[in-house]
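Report on the following structure.
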Amino acid sequence: MKVLLTGGAGYIGSHTYVALKEHGHEIVILDNFSNANRLVLDRLAQLFQEKVEHVEADIRDRSTLDDVFEAHKPDAVIHFAGAKAVGESATDPLKYYSNNVSGSQTLLEAMDAAEIRNIVFSSSATVYGVPQALPLTEDHPLSSTNTYGATKLIVEDMLRALHGADPRWSVAILRYFNPVGAHPSGEIGEDPGGIPNNLMPYITQVAVGRLAQLKVYGDDYDTSDGTGVRDYIHVSDLAQGHVAALKLMNTGTCTPINLGTGTGYSVLDMIKTFERVNEVSVPYSIAERRPGDVAANWADAQRAKELLGWQAQLGIEAMCADGWRWQSRNPKGYDQTN
Ligand SMILES: NC(=O)c1ccc[n+]([C@@H]2O[C@H](COP(=O)([O-])OP(=O)(O)OC[C@H]3O[C@@H](n4cnc5c(N)ncnc54)[C@H](O)[C@@H]3O)[C@@H](O)[C@H]2O)c1
């Protein structure tokens, strides 16, 4: 298929580019580089010895989207573009409504006009709110505990309404759990600006000496060791999940699907495994719980297996080893002059 990746220069998008290429798909990246480094394009080009087809544009720019659909005529869109920091969504909510909600609406309008009605959407396990039961199945009630989550839920609702009104649309709503790690080449990986919001880049930046100490937010949760438990999934597995989700294109269905491993690990499990596998130390201290964090969540990963024939292959050791390979080879991320 020919696939347009909005936000394709970002962390998950760049790994999905690799997985799609390996399966012989044709790809165009559309990204405004608001949270990505242009050097990622060079790395992707090196991996495949081929120029990366890309457009620098914002998904809110309707006329550019029209031009891109006219010029490239993609069969489907995988829609990663959006802002994703929970904390920032509390202090700058309009950025989230504009980028995530308005941006998605503009994209869908342009797709409809171009008669491209196949979309894979990056949603998140955050749409389950506070878990009422574990593991989380796709039928768990939906709610939001923060503005970022609210925008994901609104876009999910928009997609369900669109499909309800016009069943020519094929929609795969992928609810990611906690993507970590990096491509095994060490050439691409997660490169957040500022203090990382997520655990793995925080661990790798402490291990590489960019940050002095990791803060573990809360050790008094009702979990085996008191620290938060999450379903970490290797980003390469997640990327393969997108390749598999293309099976749902041109089916006239609208389906939410969890992409997780089905297993939860605590923060301390992650730190200890990272130290053991990579033979590095990660000093940490215990800090207050962060408001809005839940004690534990992990996925029921059955639907992805049944519908897509996909299941995660890589375990916690590979997540830790690959995350470290990326960071140790690129201590400052993509731009070593930072
Ligand atoms: N990383 C996670 O933990 C996680 C978990 C669940 C869901 N998601 C969702 O997956 C998607 C990808 O996440 P990621 O971790 O790769 O994030 P990322 O920030 O690395 O990638 C997002 C990309 O979108 C681009 N972008 C942002 N706004 C844009 C706009 N208006 N127009 C064009 N490009 C724009 C950014 O420059 C960036 O390259 C996001 O929608 C995110 O909400 C991520």
Side-chain angles (χ1 to χ4, degrees), residues 4-18 28-41 44 52 54-62 64-65 68 77-86 88-89 92 94-107 110 119-128 144 146-156 173-183 188-194 196-202 230-235 238-239 241-242 245 256-260 297 299 319 323 333-334:
L4 181 82
L5 303 187
T6 73
Y11 172 48
I12 302 169
S14 56
H15 288 80
T16 302
Y17 177 94
V18 172
V28 183
I29 287 176
L30 183 144
D31 203 298
N32 67 357
F33 295 95
S34 57
N35 198 37
N37 195 304
R38 286 171 188 78
L39 293 171
V40 74
L41 301 173
L44 292 173
V52 175
H54 74 281
V55 181
E56 182 159 346
D58 194 295
I59 52 166
R60 290 163 292 191
D61 175 355
R62 173 65 193 270
T64 301
L65 289 182
V68 168
V77 174
I78 304 184
H79 177 31
F80 299 104
K84 63 166 183 178
V86 170
E88 185 191 47
S89 77
D92 193 358
L94 293 182
K95 173 175 173 180
Y96 283 71
Y97 282 95
S98 170
N99 225 10
N100 297 5
V101 177
S102 203
S104 297
Q105 182 182 346
T106 304
L107 174 70
I119 185 163
V120 177
F121 173 59
S122 296
S123 189
S124 163
T126 189
V127 299
Y128 296 122
S144 60
N146 55 64
T147 299
Y148 164 69
T151 64
K152 287 288 170 194
L153 203 43
I154 291 170
V155 178
E156 283 204 8
I173 294 172
L174 303 183
R175 295 183 181 145
Y176 310 155
F177 279 69
N178 291 68
V180 295
H183 188 260
I188 57 171
E190 190 171 8
D191 185 18
N197 293 306
N198 294 337
L199 178 63
M200 180 61 94
Y202 208 147
R230 295 289 179 275
D231 185 338
Y232 295 99
I233 173 169
H234 195 295
V235 67
L238 192 72
H242 293 75
I257 301 176
N258 288 337
L259 292 184
N297 77 9
M319 300 178 205
Y334 284 107

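All ligand and atom numbering here is 1-based and tracks the order in the structure. These numbers come from the heavy atoms of this one structure, side chains and all, not from hydrogens, waters or symmetry mates.
- Side chains of Ile188 and Tyr17 form no contact here, defined as non-hydrogen atoms less than 4.5 Å apart.
- A pairwise comparison of heavy atoms in Pro179 and Leu238 identifies CB-CD2, 3.8 Å as the closest pair.
- Looking only at protein heavy atoms, the nearest one to atom 2 (C) of ligand 1 is Pro179 CG, 3.6 Å.
- Protein heavy atom in closest approach to atom 15 (O) of ligand 1: Lys84 NZ, 2.7 Å.
- Below 3.5 Å of separation, one finds an N or O of Asn35 facing an N or O of ligand 1.
- Scanning both residues, Asp58 and Leu30, for their nearest heavy atoms gives C-CD2, 4.5 Å.
- Annotation for Gly260 and Ala299: closest pair CA-CB, 4.1 Å, computed over non-hydrogen atoms.
- Of the heavy atoms in Ala57, only backbone atoms (N, CA, C, O) come closer than 4.0 Å to ligand 1.
- Between Leu30, Asn32, Val180, it is Asn32 that holds the heavy atom closest to atom 30 (C) of ligand 1.
- Atoms of ligand 1 lying under 4.0 Å from at least one heavy atom of Ser122, given by number and element, are 9 (C), 10 (O), 11 (C), 41 (O).
- Both the backbone and the side chain of Asp58 come within 4.0 Å of ligand 1, judged by heavy-atom distances.
- Ring geometry for His242 against Phe80 counts as tilted: the plane angle lies between 30° and 60°, on a 0 to 90° scale.
- Of the polar atoms of Gly10, at least one N or O is found under 3.5 Å from an N or O of ligand 1, judged by distance alone.
- Atoms of ligand 1 lying under 4.0 Å from at least one heavy atom of Lys152, given by number and element, are 40 (C), 41 (O), 42 (C), 43 (O).
- The main-chain N or O of Val86 is never found under 3.5 Å from a side-chain atom of Asn146 such that the two would form a donor-acceptor pair.
- Within ligand 1, counting atoms from 1 as listed, the ones closer than 4.0 Å to a heavy atom of Ser34 are 26 (N), 27 (C), 28 (N), 36 (C), 37 (O).
- Annotation: Ile59 places an N or O atom under 3.5 Å from an N or O atom of ligand 1; distance criterion only.
- Screening Ser122, Ser104, Ser123 for a side chain to side chain donor-acceptor pair (under 3.5 Å) with His79, the sole residue that qualifies is Ser104.
- In terms of protein heavy atoms, atom 16 (O) of ligand 1 is closest to Ile12 N, 2.8 Å.
- Side chain of Tyr334 to main chain of Gly189: a donor-acceptor pair is present (N/O by atom type, distance under 3.5 Å, no hydrogens or angles).
- In this structure, the side chain of Asn258 does not engage the main chain of Ala125 through any donor-acceptor pair within 3.5 Å.
- With a 4.5 Å cut-off on side-chain heavy atoms, Asp61 and Asn32 do not count as touching.
- Scanning Tyr148, Phe121, Tyr11 for the heavy atom closest to atom 9 (C) of ligand 1 points to Tyr148.
- Ligand 1 has no N or O atom lying under 3.5 Å from any N or O atom of Ala9, backbone or side chain.
- Atom 22 (C) of ligand 1 has as its closest protein heavy atom Gly82 O, 4.0 Å.
- Nearest approach of Thr151 to Tyr148, heavy atoms of both residues: OG1-O, 2.7 Å.
- Of the protein's non-hydrogen atoms, Asp31 OD1, 3.4 Å is the one closest to atom 36 (C) of ligand 1.
- Scanning all heavy atoms of the two residues, the minimum distance from Val155 to Asn100 falls at CG2-O, 3.4 Å.
- Which parts of ligand 1 touch Asn99 is read off a 4.0 Å heavy-atom cut-off, strictly below it: atoms 28 (N), 29 (C), 30 (C), 31 (N).
- Between Phe33, Tyr96, Tyr176, Phe80, it is Tyr176 that holds the heavy atom closest to atom 10 (O) of ligand 1.
- Atom 24 (O) of ligand 1 has as its closest protein heavy atom Gly7 CA, 3.3 Å.
- For the pair Met200 and Met319, the tightest heavy-atom approach, listed with the atom from each and the gap, is CE-O, 3.6 Å.
- Looking at Glu190 against ligand 1, nothing comes within 4.0 Å, counting heavy atoms.
- Note on ligand 1: Ser123 sits in its first shell, one or more heavy atoms being nearer than 4.0 Å.
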